[in-house]
Structure formats: structure tokens, C-alpha cells
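Okay, structure first, notes after.
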Amino acid sequence: MSDVRVRIAPSPTGPLHIGTARTALFNYLFARNQGGVFILRLEDTDAVRSSIAFEKDIVDGLHWLGLTWDEGPDVAGGPDHGPYGPYRQMKRLPLYEEAAARLRAADQAYPCYCTPEELDAVRRRQEAAHEPPRYNRRCALLTPAQRAAFEAEGRRPALRFRVAEGLISFDDMIRGRVEIDTANIGGDFIIVRADGTPLYHFTVVVDDAAMKISHVIRGEDHLSNTPKHILLFRALGEPEPHFGHLPLILNPDRTKMSKRKSQTAIADYIEQGFVREALVNYLALLGWSTGTEEEVLSLPELVERFDIRHVQKAGAVFDRERLEWLNGQWIRRLPPEELIDRLRTFLEAELEAGGIDRMPSDGELKALLPVIQERLPTLGAIGDLIGFLFVDRLEIDPSLFPTKRWDLATTREALVAAREVIAAVGEVSFEADELEPPLRRLADERGWKAGDLFMAIRVAVTGRTATPPLFDTLVALGYERTLERLDRALEASNQEAPR
RNA sequence: GCCCCCAUCGUCUAGAGGCCUAGGACGCCACCCUUUCAAGGUGGAGAUCAGGGGUUCGAAUCCCCUUGGGGGCACCA
């Protein structure tokens with residue numbers, strides 16, 4: 001085993017985001033490719049916004065994607081495992097307190113009595129003067145007496161980290177050498193709130209150090225924050241990890257992907273019937289490529305080929321069409337039993353929503369599978385595809401009758417004739433191969449185009465113009481119901497246009 | 001505003017100085033297959049490699065500038 005240790009550190013302040021999922025995936029691919037360790041750590045120090053429901057969404061979502069981690073919590077709200085626990089920041093408070101005390105004792109951090117309102121006013125003034133927002137260091141050199149005076153006022157101090165002057169540089173695994181002057185990072189920053197809870201930039205460093213994280217792979221939005229982290233690692237006397245900043249996932253307008261402009265919750269993709277194989281495959285190829293022309297790759301294949309040096313530097317627009325194409329690819333690759341298994345949830349939802357009146361049996365699904373597997377862009381499309389087979393009473397949109405190329409009289413005449421032919425085939429030999437020849441013959445005899453006849457039957461028995469192949473559909477419907485629906489369509493069309 | 005990052009078809013990308021008349025995929029268009037819809041097959045349109053300067057015998061590839069885009073600058077993560 002290598003000494004590679006990477007982590008995904010989501011905060012349970014929202015549902016699992018597509019960007020978080022991709023960052024998790026890249027960390028996972030890197031760890032597995034290198035024979036390293038992949039860790040899940042929950043950054044829940046924002047007590048106001050964090051919730052167990054979001055934690056569940058995140059943990060479940062990562063599991064759903066098929067990612068496995070070696071250390072951390074396995075279940076929302078449940079225990080965690082691993083030699084560097086606990087893996088929830090709110091349970092690591094003593095660690096941060098200890099680290100903060102050390103920085104405080106070494107005067108690398110100092111208490112700041114400025115109120116949020118005061119800081120806001122300063123920031124506003126700087127903005128108005130076109131100056132970069134930056135802490136004015138009012139509390140940086142307070143005397144004990146001044147501190148006592150603030151305390152007497154009842155002010156509770158936050159703890160601020162002293163930012164040293166100088167140039168910070170590091171070799172980003174994706175971007176190469178990056179240099180940032182600490183004069184440009186906004187001045188001394190707060191590491192512990194007035195209420196004693198620690199802040200992100202601080203906890204992330206304390207934990208990455210404590211958990212011996214070797215490579216920090218995260219989104220590019222953290223690139224500018226990296227000097228803060230490096231400064232903290234140094235102040236704490238800890239070795240710096242390697243950093244790698246992934247390109248951002250973008251909205252169609254090329255801004256950072258957001259809930260407002262894109263669908264960002266993994267749960268929504270799951271609910272719409274995207275399969276994990278496709279989502280993983282797609283996300284891996286957003287910002288990375290194998291360097292070959294391979295496109296459809298499983299998680300193990302991705303692990304095998306992953307190379308962080310081939311990760312793109314520029315942001316990547318999320319292309320839902322391409323995801324859907326990949327989803328179709330993977331649905332077609334699923335073993336039949338597996339597909340049926342995954343379809344069940346979606347059929348149940350369809351039943352729940354009243355789209356169908358009964359659940360198809362496994363046998364029925366299995367028989368239908370060959371014609372639906374290549375027609376499903378998402379699992380959620382199943383109701384649309386075959387729902388008409390499982391409704392008790394079919395409603396036909398009157399605008400579909402007569403069919404496009406025929407008038408009502410011809411349509412009705414055709415249905416009457418087709419009903420006779422189908423009835424003559426009989427229940428025993430009700431098979432696709434038995435149905436097609438006589439119906440073709442019928443069209444021939446009457447001088448109709450077979451396609452027009454088939455369309456009339458299709459609309460009559462399914463209520464739709466696009467369906468799986470007609471004869472398979474009729475067989476799935478069954479002898480009795482096919483005749484019944486033909487009769488009803490004839491009745492309905494009669495009422496529509498009485499002659 | 002300041003700092004940082006980035007820049008190849010509409011989109012995701014291949015490209016590590018000559019293999020590039022820039023390749024693939026999605027999407028789009030046409031044709032084939034075909035009872036509809038898909039799937040599949042074949043072909044096509046689509047990028048003067050953001051622009052301009054260098055370096056070099058030779059640049060999409062290296063350097064600089066410009067332009068454009070993005071991100072960061074919280075007692076959020």
C-alpha cells in the first residue's frame with residue numbers, strides 16, 4: 001500500500017452536489033489508481049445550515065455512485081471507522097481548540113473584538129474607495145488593557161490568524177507552479193468564531209494534517225485559498241500536502257455550476273432515472289480524458305486509466321445531452337435481470353402517480369425487455385414507453401383520430417377489418433410472427449400502405465403514435481385486451497363523428 | 001476594484017515542436033435499415049487551434065502582450 005491518503009470533505013449544508021460528487025470521484029480514482037486510501041470526512045461546523053437529512057443525502061448519494069471509502073462514516077448519523085477519527089468535525093472540537101491555543105500562545109493568532117457590523121462597515125468603505133477588501137488589523141496590536149476594556153463591554157472575541165508577508169508558492173498537480181503574494185489574500189482571517197466554533201480554513205488544515213492527507217484534490221474555487229492553508233500548515237508545524245485543483249463544472253453560460261441555472265442535486269438525477277454507471281462515466285470525462293478514443297468506461301476501467309496529469313485546466317460546461325447519451329449506452333449494457341430490478345422503483349413511482357393502474361410482473365417485463373432496453377434514454381422514461389400496457393382504461397387523445405394520413409372513414413374501416421383479422425388469428429397463436437403476415441395481406445388487399453394500417457392499430461390500442469414495435473406490443477397487451485381496445489376505439493371514434 | 005487561474009468545432013475532448021490538409025464523441029443534417037419511435041450503420045456540415053507579436057529550419061504545442069472568460073477576496077464550506 002502506498003502512503004497516498006486523499007479525502008472528500010463535504011459539508012452537510014445541502015444535498016449532494018454534482019460538483020462534490022465529481023471531486024469525490026476524482027479523489028477516489030486517484031486513491032484507487034495509486035493504491036492509496038480514500039477518506040470521507042464531514043465538515044459540519046456550520047451548525048446553522050448543517051442537517052442530518054443532508055448528511056444522509058450525501059452519504060447515500062456517494063454510496064449510490066458506487067464509491068467506497070476506507071475511513072469515515074458509512075451511514076448518516078452513524079458511527080465512523082478508521083485510525084484517525086472521529087471523521088465529523090463537530091466531534092473534533094477539542095483538536096481545534098488545542099491547535100487554536102497553540103497558535104494563540106505563539107502569537108500567530110490573536111483575539112479580535114470587531115463585531116460583524118463593524119467589519120461590514122469597513123468592507124463597505126473599502127469597496128466604495130475601490131480598495132481590495134481586507135481586514136484593517138484594528139485588533140492586531142491590542143494591549144492587555146484594551147482587550148480588557150472590550151471584554152468589559154461584553155464583547156466576545158473571535159480568533160484571527162496573523163498572515164505573514166511574503167510570497168507563497170506551490171506546485172499544483174494540475175496547474176503547475178502557482179505563486180500568490182499573501183498581501184492579496186484579504187489580511188488576517190478568522191479561524192475561530194466568537195462562539196468558539198472553528199471555521200473552515202482552520203479545520204480543513206488541522207484535519208488534513210491530523211489525518212495525514214497526502215494530496216488535497218479539490219475544486220478550482222479553492223485555488224486562491226490555498227496560501228491560507230499553507231500558512232496554517234506552517235504555523236502548526238505540519239508538512240504541506242500536495243495540492244491539485246480541478247477545473248470547475250460550468251453552467252451553459254460558463255459560470256460556476258449552480259442550482260439556479262442547472263440541475264445540481266445528484267438525487268434529482270437518480271430520481272429521473274440516470275444510472276450510476278453513466279453518471280460516473282460522464283463525470284469522470286468532465287475535465288479528464290484517457291488520451292485515447294475510449295468513451296464508455298466502467299468505474300474499474302476508469303480507475304485503471306486515471307492519471308491526474310491528464311486532467312484539463314479549463315472549466316467544463318455540463319452537457320446534459322451527452323450524459324443522456326451515455327445513460328442510454330449503459331442502460332443497453334445492463335444485464336436483463338439488473339435492468340428489471342432497477343426499473344421496479346420507477347414503475348412503483350408511476351403507479352403511485354397514477355400513470356399506470358397495476359405493477360407489471362417480472363415475467364411481463366422480461367418479455368418486454370428486448371424491445372424496451374434500446375428505447376430507454378432514462379429509467380424514468382419507462383412509464384412513457386410502456387405505461388399504456390398497464391392501464392385499465394385507455395384514454396385516446398381525439399386529435400390522434402383519424403391518423404395523420406387517413407380520414408376518419410378509412411381509419412374506421414381499417415380498424416374494423418383489422419379487428420376481424422386479429423380475432424381470426426386467435427388466442428392460441430397470438431404471436432408477433434402470426435399477426436404480421438395476415439395484417440400485411442389485409443393492407444395489400446385493400447390497397448393500403450402497411451405502415452398506415454399499423455399506425456391506425458397502434459393509435460387505437462396504445463393511444464400513442466410512438467411505441468415499441470407494434471406486434472410485440474399487441475402480444476404484450478394480449479388477445480382479449482387488444483380486441484377490447486380496438487372495439488373501444490371504434491366506439492369512441494363513432495361518437496366523435498356520428499354519421 | 002485587487003489577486004489568481006484559464007483559452008482547440010455549439011458542447012466534452014485528442015494533441016507533450018515536424019505524424020495536423022487539427023482526430024474522436026455528444027448534438028445537428030442527410031442517407032441506409034424500418035410498421036411508428038428508438039437503436040444501429042454510412043456520410044456531411046462544423047475549429048484560419050481567441051488576437052497580435054516573438055523563439056525556431058518548422059508552433060495548436062514554447063515565451064510575451066492584448067482580449068475574453070472564470071474563480072477567489074465572509075465570524076459559508
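If you're wondering where the values come from, they're calculated on a predicted model, not measured in any experiment. Letters A, B, ... mirror the listed sequences (proteins, then strands); counts begin at 1.
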Both conditions, 6.0 Å and 45 degrees, for the charged tip of A:Arg464 above the ring of A:Phe388: are they met here?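 Not flagged: A:Arg464 not positioned over aromatic ring of A:Phe388.
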Could you identify which residues of residues 40-48 of chain A place a heavy atom less than 4.0 Å from some atom of RNA chain B, listed by residue number, or say none?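 Output list: A:Glu43, A:Thr45, A:Asp46.
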Where along residues 469-477 of chain A does a heavy atom come under 4.0 Å from RNA chain B, residue by residue in number order?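 Heavy-atom contacts with RNA chain B come from A:Pro469, A:Leu470, A:Phe471.
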If the cut-off is 4.0 Å, is [X] near the phosphate of [N], judged by side-chain N/O to OP1 or OP2?
X	N	answer
A:Arg254	B:rC12	yes
A:Gln312	B:rA14	yes
A:Arg440	B:rU35	yes
A:Arg375	B:rU36	no
A:Arg193	B:rC76	yes
A:Arg322	B:rG10	no

If you go through the side-chain atoms of A:Arg175, does one of them form a donor-acceptor pair with the base of B:rC5 closer than 3.5 Å?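 For A:Arg175, whose side chain was compared with the base of B:rC5, there is no donor-acceptor pair (under 3.5 Å).
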Ring centres under 6.0 Å, that's the criterion: do A:Phe471 and A:Phe454 meet it?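 Distance test on ring centres: under 6.0 Å, yes.
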Roughly, in whole Å, what's the span from NZ in A:Lys256 to P in B:rC6?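 Whole-Å distance recorded here is 18 Å.
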